[in-house]
Amino acid sequence: MAVNFPQFVYEPNFAVFARPVTIIPVASQPGAPAYPGRGIFDTNETDVIGLDGAIISDQKTQLDLIIKEYPTLPIQGDLVDIPYNEDIDGGLFEVEDADDNGGGELTLTLRRIVDPKPNIVYPVGLDVGPPTFGRPHLFEVSDMIYPLSLAVGAPAFDEPSLASSIVINALGLDVDAPSFDAPDLVAA
Amino acid sequence: MTPDIHSYSLIIKEGIFARIKQLPIFESVKRFASSPMRQIQPEHIPYLGCYLSDEQMLPDGDPNAAEPRFIHNVKVSFSVVIQNNIPDAAEENLDAAHWAIMNYLTRQDWHRFPMPKPFPPVEIEGIAKGSRQHIFGNATKDNETPYAELRMDLTVKHRTSFRPVITDDLDSIHVLVAYPWPYDPNAEEPFLVVYDLKTQAWRRQ
């Protein structure tokens with residue numbers, strides 16, 4: 001007989017470790033009001049690897065929910081407000097990912113709502129004006145170069161001729177490999 | 001930073017970085033970094049890094065003739081890290097940062113970096129290559145902060161020549177002439193001929 005994980009495992013644990021949260025279902029139920037819930041909040045160190053191996057320090061933050069407590073589950077884009085609770089801060093987050101563990105628990109991977117930095121950039125951007133947009137002048141090039149190239153013919157395609165060595169050999173010429181000219185370090 | 005102590009490549013990189021820092025678009029940057037040595041913390045965003053990512057040195061002419069001479073291809077990289085929950089706004093910010101750095105090339109003196117006397121100005125011959133990428137968060141996109149990073153680079157070209165420093169100049173040649181051969185010391189007095197040579201030491205005077 002299968003174990004009822006929500007009843008015997010998650011509910012006792014959530015009774016001890018879960019904290020109150022508010023789900024704002026802007027993606028899963030647009031226009032619906034926010035509703036209260038509970039979840040186990042967890043955040044751990046994770047690094048973002050930047051250019052040339054630079055480390056951008058960050059956290060991986062998750063919230064576990066018991067699936068049966070939510071008629072409509074949160075999805076990517078929903079907001080989760082996790083208020084200050086039992087001396088531990090929370091914050092306002094956006095759901096980035098939602099994973100079902102197959103046992104009745106949903107893990108939300110959260111992205112913190114932050115002030116944009118920088119706030120605005122483009123109005124103070126190009127103070128000397130944009131660089132010139134370059135266009136290839138195909139018409140002029142073809143007009144001038146093409147007739148000239150026909151007048152003098154195409155250049156010969158230069159490729160190595162393997163057959164020529166046979167001819168040289170037949171003429172009795174020396175076809176030995178050139179000697180390897182090693183620098184004489186001692187003499188120098 | 002002068003070429004008696006530091007390479008032209010680093011001087012060029014630092015010269016470009018010093019000018020990029022002055023662009024108005026980067027006035028809100030919280031940390032400017034010359035290398036990726038230190039971790040970037042949330043309080044350092046917006047972040048602008050300028051790194052000497054790579055340098056390839058190819059022979060300038062025949063490698064086995066004359067002194068060692070090189071054509072340097074120096075990859076100067078820029079890392080601009082911002083944060084924004086809105087993906088489109090994040091990308092627009094990265095693009096604006098990229099365009100501002102590219103716009104640096106419209107400066108009349110973008111390629112020239114004055115040096116204190118007695119060193120001549122350091123100059124870039126050209127830009128051989130460039131690239132850029134927009135990176136959003138970590139590989140699995142599960143980090144908490146909505147970071148976005150512009151990674152771009154410009155590969156600048158310059159040359160060096162490592163001429164030998166001559167410390168034992170051939171200043172003169174002394175030739176004792178005894179003639180005819182076989183020489184008879186009782187018949188003719190030998191005499192000395194001194195050839196003074198215009199060597200590097202003479203030219204330096």
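Lettering follows sequence order; numbering is per chain, from 1.
Residue B/Glu149 touches chain A through its side chain alone, counting heavy-atom pairs closer than 4.5 Å. Contacts between B/Ile135 and chain A at a heavy-atom distance below 4.5 Å are absent for every atom of the residue. Neither the backbone nor the side chain of A/Asp97 comes within less than 4.5 Å of any heavy atom of chain B. In this structure, chain A has a heavy atom under 4.5 Å from the backbone of B/Phe78, while its side chain stays farther away. Looking at A/Gln59, both its backbone and its side chain come within 4.5 Å of chain B, counting heavy atoms on both sides. Using a 4.5 Å cut-off between heavy atoms, A/Ile113 contacts chain B through both its backbone and its side chain.
A/Arg111 has no carboxylate O lying under 4.0 Å from a charged side-chain N of A/Glu94, or vice versa, which leaves the two without a salt bridge. We find that B/Glu125 and B/Lys157 are not joined by a salt bridge, their nearest charged nitrogen and carboxylate oxygen being 4.0 Å or further apart.
Put simply, OG1 on A/Thr107 and CG on A/Leu63 are 8.5 Å apart, with the number rounded to the nearest 0.5 Å. Within the model, atoms CG of A/Asp99 and CD of A/Glu105 stand 11.0 Å from one another, a figure rounded to the nearest 0.5 Å. Here the straight-line distance linking atom OG1 of A/Thr61 with atom CG of A/Asp42 works out to 8.0 Å at 0.5 Å rounding.
Heavy-atom pairs under 4.5 Å with chain A peak, among B/Val29, B/Ile45, B/Val81, at B/Ile45. Ranked by heavy-atom pairs under 4.5 Å with chain A, the list B/Ala33, B/Pro36, B/Ser79, B/Pro146 is led by B/Pro146. No other option in A/Ile56, A/Leu51, A/Val114, A/Asp52 has as many heavy-atom pairs under 4.5 Å with chain B as A/Leu51.
Geometric assessment of B/Lys21 against the ring of B/Phe17 yields a positive cation-pi assignment under the 6.0 Å and 45° thresholds. A cation-pi contact, defined as under 6.0 Å to the ring centre and within 45° of the axis, is absent between B/Arg31 and B/Tyr47.
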